[in-house]
Amino acid sequence: MSWSKLANEVLEGYVLTKEQAKEILHSKDDDILSLVNAAYEIRRHYYGKKVKLNLIINAKSGLCPEDCGYCAQSIKAKTEIDRYTLISKQTIVEGAKEAKKNKIGTYCIVMSGRKPTNNEVDTVISAVQEIKSEVEQIKICACMGLVSEEQAYKLKAAGVDRFNHNINTSANHHANITTTHDYDDRIETIENVKKAGISPCSGVICGMGETDDDIVEMAFALRELDADSIPVNFLHPIKGTKLEDLNDLTPMRCLKILALFRFINPTKEIRISGGREFNLRSLQNLGLFIANSIFVGDYLTTAGQGASEDYQLIKDLGFEIEENPFETESQTFAETY
């Protein structure tokens with residue numbers, strides 16, 4: 001397989017078959033540099049050398065009735081984490097101001113739980129309105145669980161730019177990961193935010209015992225959903241969770257997965273997300289030739305590497321931080337349409 005030739009075909013509008021997608025996952029480790037370079041041709045075409053930075057504020061932690069096997073915040077997990085109700089509006093606002101000082105383009109307000117109450121939605125709305133009036137050029141992404149169409153419209157009116165709700169895994173594998181909600185519940189939330197005019201963010205967690213076919217199905221499902229931003233998480237097994245003993249990923253495997261998502265979703269923001277440091281380790285730099293976005297700082301219940309290390313990584317690669325989060329989106333739209 002000539003990965004460079006396939007990348008050029010993708011840039012001309014070709015959509016990979018599922019068998020071709022599986023070939024990416026089955027490629028030889030010796031060919032990893034040619035695969036990464038081909039994926040970079042696609043990334044460079046749409047995003048140049050820009051890197052989008054995202055920061056999470058864990059606005060509500062633990063206290064979740066769901067049984068997701070990967071999650072330390074699940075009611076089924078026997079973990080020692082901070083558990084608290086929704087933080088104050090002012091804390092959320094101050095977090096956004098601090099994020100902007102640190103060149104963060106997208107500020108992610110994340111809440112644990114199955115779905116938000118109307119009071120919680122109102123608090124987030126009030127915080128977002130204040131952020132939008134006081135902080136220039138920052139994108140707000142809300143991640144609040146299952147939301148109704150009505151709640152989505154309210155969030156849009158307040159100024160929420162993006163809403164994250166991951167599919168996490170394939171429809172076929174979903175019941176092996178959680179039983180307290182269905183795969184279709186997640187799809188419904190994504191469709192609700194799309195109806196409201198909010199940019200959909202939806203991604204996956206790889207390394208949860210899924211097959212190659214499952215990974216391919218995830219990539220194509222997100223293409224079908226037209227998710228604008230695709231966070232690719234790699235399982236960081238946490239003691240006390242159902243999946244605590246799973247540790248099947250290698251850095252090479254992670255790079256192939258990232259390349260797969262870039263080839264299938266060429267115009268989209270591909271973000272290396274949770275588990276980046278744990279799974280890619282010394283090959284994080286190669287990941288940025290494929291993905292154009294990362295989280296900076298800590299995740300929800302696991303620690304990330306220091307922000308200064310990420311800034312240095314970006315500089316050493318000859319890349320640059322995209323401080324205006326809306327800049328390349330208009331460029332990408334023009335390229336695509």
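When a residue number appears, it is its place in the shown sequence, counting from 1.
Counting heavy atoms from C-beta outward, Lys22 and Asp213 have side chains that approach closer than 4.5 Å. The side-chain heavy atoms of Ile290 and Ile270, taken from C-beta on, include no pair separated by under 4.5 Å. At least one side-chain heavy atom of Met111 sits less than 4.5 Å from a side-chain heavy atom of Val124. Leu258 has its side chain within reach of Leu280: a pair of non-hydrogen atoms, C-beta onward, lies under 4.5 Å apart. Considering only heavy atoms from C-beta on, Thr301 stays 4.5 Å or farther from Thr79 through its side chain. The shortest distance between side-chain heavy atoms of Leu222 and Val204 falls below 4.5 Å. Side chains of Ile42 and Leu11 form a contact here, defined as non-hydrogen atoms less than 4.5 Å apart. Residues Leu35 and Leu255 fail the side-chain proximity criterion, which asks for heavy atoms closer than 4.5 Å.
Leu53 and Leu300 end up in different hydrophobic clusters when Ile, Leu, Val, Met, Phe, Trp and Tyr side chains are linked at under 4.5 Å. Residues Val110 and Ile131 do not share a hydrophobic cluster, defined by chaining ILVMFWY side chains whose heavy atoms lie under 4.5 Å apart.
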Inset, instruction - Test side chain to side chain contact (heavy atoms under 4.5 Å, CB included) on Gln151 and Phe163 and set out the steps. - result: CA-CA 12 Å; Gln151 289 173 326; Phe163 193 96; over 6 Å; no

Inset, instruction - Output, in order, the C-alpha distance, side-chain angles, deciding distance and verdict of side chain to side chain contact (heavy atoms under 4.5 Å, CB included) for Val51 and Leu317. - result: CA-CA 11 Å; Val51 178; Leu317 290 171; over 6 Å; no

Inset, instruction - Evaluate the side-chain hydrogen bond (donor to acceptor under 3.5 Å, both in side chains) criterion for residues Asp67 and Thr180: first the C-alpha distance (whole Å), next the side-chain angles of each, then the deciding distance (0.1 Å), finally the verdict. - result: CA-CA 6 Å; Asp67 67 352; Thr180 48; 3.1 Å; yes

Inset, instruction - Start with the C-alpha gap between Glu210 and Ser170, add the side-chain angles, then the distance that decides, and say whether side chain to side chain contact (heavy atoms under 4.5 Å, CB included) holds. - result: CA-CA 8 Å; Glu210 70 281 343; Ser170 71; 5.8 Å; no

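Grouping Ile, Leu, Val, Met, Phe, Trp and Tyr residues whose side-chain heavy atoms lie under 4.5 Å apart, directly or via other members, places Ile177 in a hydrophobic cluster with Tyr70, Ile205, Met208, Leu235, Leu243, Leu246.
Sequence neighbours left out, the pairs with a member in residues 275-297 that pass salt bridge (charged side-chain N to carboxylate O under 4.0 Å, His left out) are Arg276-Asp310. The stretch residues 1-19 participates, sequence neighbours left out, in these salt bridge (charged side-chain N to carboxylate O under 4.0 Å, His left out) pairs: Lys18-Glu217. Listed by first and then second residue, the ring-ring contact (aromatic ring centres under 6.0 Å, His included) pairs that reach into residues 239-270 come to none, sequence neighbours excluded. Listed by first then second residue, pairs satisfying ring-ring contact (aromatic ring centres under 6.0 Å, His included) with a partner in residues 281-313 read Tyr40-Phe289, Phe289-Phe319, not counting sequence neighbours. Here salt bridge (charged side-chain N to carboxylate O under 4.0 Å, His left out) pairs that include residues 118-129, with residues two or more places apart or in two chains, are Lys60-Glu120. Pairs passing the salt bridge (charged side-chain N to carboxylate O under 4.0 Å, His left out) check and including a residue from residues 249-261, sequence neighbours excluded, read Asp29-Lys256, Asp212-Arg253.
Residue Glu150 places its CD atom among 12 or fewer non-hydrogen atoms of other residues, nucleotides or ligands, all under 6.0 Å distant. Enclosure of atom CD1 in Ile75 is not indicated, since only 12 or fewer non-hydrogen atoms of other residues, nucleotides or ligands lie within 6.0 angstrom. Within a 6.0 Å radius of NZ in Lys194, other residues, nucleotides and ligands contribute more than 12 heavy atoms. Counting non-hydrogen atoms of neighbouring residues, nucleotides and ligands closer than 6.0 angstrom, the NZ atom of Lys315 reaches no more than 12 such neighbours.
Between the OG1 atom of Thr106 and the CD1 atom of Ile56 there is a distance of 11.5 Å, given to the nearest 0.5 Å. Separation of atoms CZ (Arg43) and OG1 (Thr267) is listed at 14.0 Å; rounding is to 0.5 Å. Considering OG1 of Thr178 and CZ of Arg186, their distance stands at 7.0 Å, rounded to 0.5 Å. With values rounded to the nearest 0.5 angstrom, Ser202 atom OG is found 11.5 Å from Met218 atom CE. Between Lys132 atom NZ and Ile138 atom CD1 the span is 8.0 Å, to the nearest 0.5 Å. Atom SG in Cys71 sits 4.5 Å away from atom CD in Gln73 (nearest 0.5 Å).
A side-chain donor from one of Thr211 and Asp214 sits under 3.5 Å from a side-chain acceptor of the other.
At a threshold of 4.0 Å, the pair Arg114-Glu66 counts as salt-bridged, since one of the basic side-chain nitrogens sits closer than that to a carboxylate oxygen.
Of the possible polar contacts, none joining the Asp82 side chain to the Ser61 backbone as a donor-acceptor pair under 3.5 Å is found. Under the 3.5 Å distance criterion, the side-chain polar atoms of Asn233 are left unmatched by any main-chain donor or acceptor of Ser273. With Asp316 contributing its side chain and Leu313 its backbone, the two residues share no donor-acceptor pair below 3.5 Å.
Here the options are Arg271, Arg262, Glu322, Glu269, the test is side-chain hydrogen bond (donor to acceptor under 3.5 Å, both in side chains), and the partner is Asn292; only Arg262 passes. Of the options Val160, Asp161, Val193, a side chain to side chain contact (heavy atoms under 4.5 Å, CB included) to Leu155 is made by Val160 and by none of the others.
Considering only residues two or more places apart in sequence or on other chains, Thr85 meets the side-chain contact (heavy atoms from CB on, under 4.5 Å) condition with Leu63. Ala21 pairs by the side-chain contact (heavy atoms from CB on, under 4.5 Å) definition with Val216, Phe220, Leu260, Ile264, not counting sequence neighbours. Every residue was checked against the side-chain contact (heavy atoms from CB on, under 4.5 Å) condition with Glu80, not counting sequence neighbours, and none meets it. For Glu98, the side-chain contact (heavy atoms from CB on, under 4.5 Å) criterion is met by Lys101, Asn102, not counting sequence neighbours. With sequence neighbours left out, the ring pair (Phe, Tyr, Trp, His ring centres under 6.0 Å) criterion links His236 to Phe278.
Taking both residues in full, the closest heavy atoms of Ser74 and Cys68 are given as CB-O, 3.8 Å, listed atom of the first, atom of the second, then distance.
Taking the ring centre of Tyr107 as origin, the terminal cationic atom of Lys100 falls outside the region bounded by 6.0 Å and 45° from the ring axis.
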